[in-house]
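Scope of the values below: all heavy atoms of this structure, side chains included, with no hydrogens, waters or symmetry mates. Nothing here was measured: the structure is a model prediction, and the numbers come from that model.
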Amino acid sequence: MNIISAIQEMQSLALSLKREGKTIAFVPTMGFLHEGHASLLREGRRLGDVLVLSIFVNPIQFGQNEDLERYPRDMERDCRIARECGTDIVFTPEAAGMYPPGFQTSIRVRELSLPLCGASRPGHFDGVATVVTKLFNMVQPDVALFGNKDYQQLAVIRRMTHDLNLPVRVIGMPIVREADGLAMSSRNSYLSPVERRSALCLSRAIRLVRERFAGGEHSASTLLAAARELITAEPAAVIDYLELRDSASLAPVDLVSDTTLLALAVKIGTTRLIDNTVLGDTP
Ligand code: PAF
């Protein structure tokens, strides 16, 4: 496994691999890998001749009072997981090279970036879209894999890739959960044991809404009220948003269907967690 941090070296290598006719599968991450990332890497291994993992904690997608400084990092463990999953190249660019003095370009996916996480974290998806575009240019992937846990991020990246005619197949992969239902996230490492138990209210709310929907309840307000009651019964939990939206346009819905997205962000202590489900999809 090759570790590359120089942007120019990564791009030259990618271009020469492409000239040799090799296909490149790419898993962009911010590191502190967990089983969710490993599932992306294993699928990427299957899909490309060369598998590239990037690890870059992207400063421009963090707001001023967010967790950029304390975002968990463990390069040694990440490299071990990457190696176990058959990664060929770990790309670890530096922020100074990504955003040198004078950098002033931004990619904005106007409408999909506005609701949900975009409303709580203004500018977040501009930062994501910009860095993913840059990473695509550096790594030259044929296929790129992202987790469905960041549902809105995936929607933004799909739209951007399509709108900008980027020659990359974007693949969304199922959410990987702990045995008790908590969606895997690098940020779960912030949780104390007590908070870890409280955090189960997110997946429980999802299960409750799915059950009520399967039982015939189609009113968005009724379903949301039930989920809200479950979450607010948890003293450590503060809802950031809890919404039912169309899974393609992210527009709000009054009546839910198989294609409705339930999306939620909840603060457990100081840790903000997100989760989601599309009601007609297998959980
Ligand atoms: O999902 C993430 O880890 C990040 O948002 C991404 C896509 C690597 C961009 O920084």
Side-chain angles (χ1 to χ4, degrees), residues 25 27-29 34-44 46-47 109 111-113 115-118 125 128 132 143-162 168-188 199-228 230-231 239-266 273-283:
V27 177
T29 77
H34 50 67
E35 188 47 37
H37 298 114
S39 74
L40 306 182
L41 288 169
R42 284 193 286 267
E43 182 64 2
R46 221 176 55 75
L47 295 175
V109 179
E111 288 167 28
L112 289 174
S113 294
L116 305 173
C117 286
F125 289 114
V128 170
V132 170
V143 52
L145 299 100
F146 298 86
N148 275 334
K149 187 174 81 68
D150 295 295
Y151 187 95
Q152 187 177 12
Q153 166 172 286
L154 181 57
V156 164
I157 291 168
R158 280 192 204 285
R159 185 78 248 170
M160 169 196 91
T161 306
H162 184 266
V168 182
R169 184 156 65 99
V170 173
I171 295 188
M173 293 286 291
I175 297 176
V176 178
R177 297 181 181 278
E178 304 282 359
D180 59 8
L182 181 68
M184 290 204 185
S185 164
S186 306
R187 290 189 168 99
N188 291 349
L200 290 178
C201 67
L202 283 90
S203 54
R204 287 201 182 117
I206 285 182
R207 205 173 322 128
L208 177 71
V209 170
R210 290 184 67 91
E211 280 166 11
R212 298 268 168 97
F213 172 65
E217 181 58 70
H218 285 194
S219 155
S221 58
T222 305
L223 291 167
L224 290 174
R228 189 170 293 277
L230 184 152
I231 296 169
I239 296 174
D240 176 0
Y241 64 76
L242 169 66
E243 299 195 34
L244 284 158
R245 290 182 170 251
D246 178 76
S247 58
S249 67
L250 301 186
V253 294
D254 293 329
L255 279 182
V256 304
S257 71
D258 279 353
T259 59
T260 300
L261 169 76
L262 169 66
L264 65 165
V266 177
L273 300 175
I274 59 172
D275 205 342
N276 73 79
T277 190
V278 175
L279 297 183
D281 290 358
T282 38

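Between the side chains of R210 and T277, a donor-acceptor pair is found at a separation under 3.5 Å.
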- Message: Determine whether V109 and F125 satisfy the following criterion, side-chain contact (heavy atoms from CB on, under 4.5 Å), listing intermediate values before the conclusion.
- Response: CA-CA 8 Å; V109 179; F125 289 114; over 6 Å; no

- Task: List the steps, then state whether side-chain contact (heavy atoms from CB on, under 4.5 Å) holds for Y151 with I175.
- Result: CA-CA 10 Å; Y151 187 95; I175 297 176; over 6 Å; no

- Task: Decide yes or no on side-chain contact (heavy atoms from CB on, under 4.5 Å) for T260 and F213, but give the supporting numbers first.
- Result: CA-CA 11 Å; T260 300; F213 172 65; over 6 Å; no

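Salt-bridge check for E35 with R42: passed, with a basic side-chain N closer than 4.0 Å to an acidic carboxylate O.
Remark: R212 CZ is loosely packed, at most 12 non-hydrogen atoms of other residues, nucleotides or ligands lying under 6.0 Å away. The environment of E111 atom CD is sparse: at most 12 non-hydrogen atoms of other residues, nucleotides or ligands sit within 6.0 angstrom.
When side chains are defined from C-beta on, L262 counts as touching L242, because their heavy atoms get closer than 4.5 Å. Taking 4.5 Å as the limit, every side-chain heavy atom of L40 sits out of range of all side-chain heavy atoms of T29. With contacts defined as side-chain heavy-atom distances shorter than 4.5 Å, the pair V156/V128 does not qualify. With contacts defined as side-chain heavy-atom distances shorter than 4.5 Å, the pair P252/E243 does not qualify.
When all heavy atoms of D258 and V278 are compared, the closest pair comes out as O-CG1, 3.4 Å. Between S39 and M173, the shortest heavy-atom contact is O-CE, 3.8 Å.
The side-chain contact (heavy atoms from CB on, under 4.5 Å) test with L264 singles out one residue from I231, I274, L116, I239, and that residue is I231. The residue from V266, I206, L182 that alone fulfils the side-chain contact (heavy atoms from CB on, under 4.5 Å) condition with D275 is I206.
In this structure, the side chain of S247 engages the main chain of T259 through a donor-acceptor pair within 3.5 Å. N276 contributes a side-chain N or O that, together with a main-chain N or O of N148, makes up a donor-acceptor pair within less than 3.5 Å. A donor-acceptor contact shorter than 3.5 Å links the side chain of N188 to the backbone of A183. Looking only at distances, a side-chain donor or acceptor of Q152 sits under 3.5 Å from a matching main-chain atom of C117.
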